[in-house]
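First up is the structure itself, then whatever we jot down about it.
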Number of protein chains: 2
Amino acid sequence: MVQYVSSPLDRSFSALSDATRRGIIDQLGQGDTSISSLADQFQMTLTGMKKHVQVLQLAGLVVTQKVGRVRTCRLGKRGLKAEAEWIEAHRKLFEARFEALDELINDMKQEGSDESAS
Amino acid sequence: MVQYVSSPLDRSFSALSDATRRGIIDQLGQGDTSISSLADQFQMTLTGMKKHVQVLQLAGLVVTQKVGRVRTCRLGKRGLKAEAEWIEAHRKLFEARFEALDELINDMKQEGSDESAS
DNA sequence: TACATACTGAACCATATGGTTCAGTTTTAA
DNA sequence: TTAAAACTGAACCATATGGTTCAGTATGTA
């Protein structure tokens, strides 16, 4: 509903949420490729593939260049730095939470064994 | 269109593609919280917030437990390991591609300076 | 010149998404 | 026992998504 902004992180995580698009990135890691070649590999119409590439482009993950009649796609220089940073920071958050929980459990165990002494 | 499967990565990246949901994760990193408290903080109806939490739950990023009339949300033990791994592997792919490109450019420079000698 | 290739854009379709309201149910507290 | 609080579920709405087809345009090639 009325998508107000849509930050870079919104766009890149959204772009990565589709298996076909993750596959395109895999493919482009092997080397630059045309839209029609990608369409071929992923068994999809040219038009369909073009849409996927556009999503990746909007996310800055892929750049394209048209020379003659073929548009070549390659990985964007933007990379996945911001995404890696978000994920890494929050992976640590998850872990910290579980450590906190473990401590709580240990405290509870402690209290349990203290009961006879109180 | 007819979403065939929808892998765990699909679900988690999709869950992370919304700023509100990333905010919920931030929040839960600080401590467990009820749905209504989250709805309050993000200025949204209870029903709306419940949907966001459900998306995070389906992705395994959040677990909930209802005690009495309040449902408490906390970070799921699944964490962000798989996501971190995908991102990290592909971040390297991006970098490798640029190194390959740099080499190509260096080769071309080399050829350029060789021209007088050939 | 004529034909094939590679892309582009518009239109269409079914389903998903991100919200809302409204009408419940269950708990808790006065 | 009555009322408020916290959630739940159904229905609705506008827009987005992931595809398709069809009708172009531009570029290469025989």
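Since the model is a prediction, treat every value here as computed from it, not as a measurement. Naming: A, B, ... by sequence-line order, numbering from 1 per chain. When reading the values below, keep in mind they use all heavy atoms of this one structure, side chains included, and skip hydrogens, waters and symmetry mates.
Atom CZ in A:Arg11 sits roughly 16 Å away from atom C1' in D:dT17 (whole-Å rounding). Computed from coordinates, the A:Phe42 CZ to D:dG19 C1' distance equals 15 Å when rounded to whole Å. If you measure from atom NZ of A:Lys50 to atom P of C:dA10, you get 10 Å, rounded to the nearest angstrom. Between A:Met44 atom CE and D:dG18 atom P the separation is 10 Å, expressed in whole Å. One atom, CD of B:Gln43, and another, C1' of C:dG18, lie 16 Å apart when rounded to the nearest Å. As a whole-Å value, the separation of B:Leu38 CG from C:dG18 C1' is 16 Å. The separation between B:Leu46 atom CG and D:dG9 atom P is 13 Å, rounded to whole Å. In this structure, CE of A:Met49 is placed 13 Å from P of C:dT8, rounded to the nearest angstrom.
Side-chain proximity of A:Lys51 to the nucleotides C:dC12, C:dG19, C:dT8 is greatest for C:dC12. Side-chain proximity of A:His52 to D:dG19, C:dT8, D:dT8: nearest is D:dG19. The A:Ile35 side chain lies nearest to C:dC7 when the options are C:dC7, C:dG18, D:dA6. Closest to the side chain of B:Ser36, out of D:dT20, D:dA6, C:dC7, is D:dA6.
Under the side-chain hydrogen bond (donor to acceptor under 3.5 Å, both in side chains) criterion, B:Arg91 pairs with B:Glu88, B:Glu95, not counting sequence neighbours. Residues satisfying the side-chain hydrogen bond (donor to acceptor under 3.5 Å, both in side chains) test with B:Lys81, not counting sequence neighbours, are B:Glu85. Among residues two or more places apart in sequence or in another chain, the salt bridge (charged side-chain N to carboxylate O under 4.0 Å, His left out) test is passed with A:Arg21 by none.
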(request) Could you walk me through whether B:Phe94 and A:Arg78 pass the side chain to side chain contact (heavy atoms under 4.5 Å, CB included) test, one step at a time? (result) CA-CA 9 Å; B:Phe94 272 72; A:Arg78 181 183 168 292; over 6 Å; no

Quick test: give all pairs of protein nitrogen or oxygen and nucleotides 21-24 of chain C nitrogen or oxygen below 3.5 Å, distance rounded to 0.1 Å.
residue	atom	partner	partner atom	Å
C:dT21	O4	B:Thr47	OG1	3.4

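When atom types are taken as modelled, the side chain of A:Thr64 and the backbone of A:Val62 share no donor-acceptor pair closer than 3.5 angstrom. Between the A:Ser17 side chain and the A:Ser14 main chain, a donor and an acceptor come within less than 3.5 Å of each other.
Here the options are B:Ile35, B:Val63, B:Leu56, B:Asp32, the test is side chain to side chain contact (heavy atoms under 4.5 Å, CB included), and the partner is B:Cys73; only B:Ile35 passes.
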Without placing hydrogens or testing angles, list every side-chain donor-acceptor pair under 3.5 Å for residues 38-47 of chain B, not counting sequence neighbours.
residue	atom	partner	partner atom	Å
B:Gln41	OE1	B:Gln27	NE2	3.4
B:Gln41	NE2	B:Ser37	OG	3.2
B:Thr45	OG1	B:Gly48	N	3.1

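B:Glu83 and B:Ser12 share a donor-acceptor pair across their side chains, judged by distance under 3.5 Å alone.
For the contact set between residues 56-71 of chain A and DNA chain D, defined by any heavy atom under 4.0 Å, the members are A:Gly68, A:Arg69.
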